[in-house]
Amino acid sequence: MAAFEYFKHNVGKAADLLKLSEEERALFMTPDRVLKAELEVSMDDGRIETFPAYRVQFNNARGPYKGGIRFHKDADEDEVMALAAMMAIKCAVVDIPFGGAKGGVTVDPKKLSEGELERLSRAYVRAFADNLGPDTDVPAPDVYTNPEIMRIMLDEYETLTGTKAPAMITGKPLENGGSLGRDTATADGAIYVLEALLEDQHRSLEGVEVAVQGAGNAGAQAARLVEAHGGKVVALADSHGSLLNPEGIDTSAVLALKANGASVHDAVDFGTAGNAEAVISAVCDVLIPAALEEVITAKNAGTVMATVVLEVANGPVTPEADELLTARAIGVVPDVLANAGGVTVSYFEWLQNRAGEVWTHERVTERLKDTMRDAYRDVADFAYERGITLREAAYALALTRILAARKL
Ligand code: GLU
């Protein structure tokens with residue numbers, strides 16, 4: 001099943017639950033706009049290379065389109081459309097006044113030099129600038145894009161439009177109008193949600209055994225936070241392999257090695273090496289997929305040992321796997337709730353830019369915590385009252401909020 005089919009599957013279930021009309025359902029089945037371009041980039045060796053690029057604006061009933069831009073070799077129209085649609089749901093789940101959008105460039109960014117990446121980033125903004133802006137569509141980082149790329153994109157936009165417009169993009173470096181706390185927001189938000197869920201079960205993170213798949217920005221921070229809250233990281237994986245240690249991995253030591261170019265499974269002083277798949281079936285309480293889509297599938301869902309799966313990545317569990325996990329009474333905290341901390345602090349950044357304010361780290365953290373805990377409470381109550389999953393509840397709640405905001 002392709003990514004957008006997954007989305008339609010989730011929306012379809014929520015629409016059945018809410019008994020939506022055909023006309024109401026249709027609103028969630030097609031994007032408002034699919035923008036495409038071929039970006040021409042001059043490479044360091046003088047050649048011109050062309051990269052397919054997308055910006056999908058899914059729905060803006062609740063506010064300006066909002067969502068990251070990913071640079072990935074597998075990014076395509078279907079994936080970007082699915083992620084744009086999920087952004088609309090995500091912003092509604094945490095109740096921030098944004099719609100949903102996503103961008104993508106089909107490129108392997110690891111093969112590009114710094115200069116080539118900069119020219120690609122500028123070309124992206126030139127291609128879509130007419131459709132971007134603080135009140136129109138506000139991009140942000142996603143897979144393999146970062147604050148520096150946001151700075152470059154803002155610079156290109158401001159040069160093109162002759163305006164000062166820091167609120168046109170979020171996830172910027174601090175000195176360019178970024179927000180304190182944005183860099184760790186996705187993982188911070190996920191851990192607030194996990195804590196709230198564990199509280200419902202009269203548990204805390206103290207002593208909880210966690211397996212983290214993904215050692216990028218979100219995965220690494222999630223692992224650090226688990227440790228900081230007294231939990232144990234018993235498995236950690238990157239795209240090359242896993243490291244397992246039932247006594248708990250020294251994540252800072254392993255992440256320091258990774259920062260120096262090693263893969264986590266090379267850090268054999270801190271655990272036992274396994275293949276990339278080993279993290280999925282690690283003995284643990286909580287499994288955190290924090291990398292890419294479709295890592296828990298019908299094939300390996302039966303091997304999951306955790307009682308909770310926290311989706312820090314977008315779309316890590318396929319619908320078939322979702323059903324298998326649910327049938328085994330494994331609770332799945334859906335991406336549209338679990339990873340909404342990133343876009344929530346993007347909203348705070350946008351607010352600060354518009355008001356010319358700089359919030360303290362404490363203010364950002366407190367507001368993020370409140371937002372995530374409120375969102376969890378809304379979704380969990382909706383689910384418990386109806387005997388449905390957290391994913392079904394999150395989608396149903398979001399659909400209700402988007403429909404309520406729609407212009408009649
Ligand atoms: N790329 C992140 C996400 O998928 C953040 C989006 C944003 O901050 O706009 O939620």
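Just so you know, ligand 1 is whichever comes first in the structure, and atom 1 is the first atom listed for that ligand. Hydrogens, waters and symmetry mates are skipped; everything else that's a heavy atom, side chains included, is used. It should be emphasised that the depicted structure is a prediction, and the values quoted were computed from it without experimental measurement.
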Undergrad: Does any pair with a residue in residues 126-163 pass ring-ring contact (aromatic ring centres under 6.0 Å, His included), and if so which ones, sequence neighbours excluded?
TA: Tyr124-Phe128
Undergrad: Can you name the residues that come within less than 4.0 Å of ligand 1, going by heavy atoms only?
TA: Lys66, Gly67, Gly68, Met87, Lys90, Lys102, Ala140, Pro141, Asp142, Arg182, Asn314, Gly342, Val343, Ser346
Undergrad: Below 4.0 angstrom, N of the basic side chain to O of the carboxylate: do Arg373 and Glu199 qualify?
TA: yes
Undergrad: Should Arg62 and Asp95 count as an ion pair when the cut-off is N to O under 4.0 Å?
TA: yes
Undergrad: Using only atom types and a distance under 3.5 Å, with no angle test, would you say the side chain of Asp78 pairs donor to acceptor with the backbone of Phe4?
TA: yes
Undergrad: Is it true that Arg401 and Asp378 have a side-chain N and a carboxylate O under 4.0 angstrom from each other?
TA: yes
Undergrad: Salt bridge or not for Arg122 and Asp155, using N-O below 4.0 Å?
TA: yes
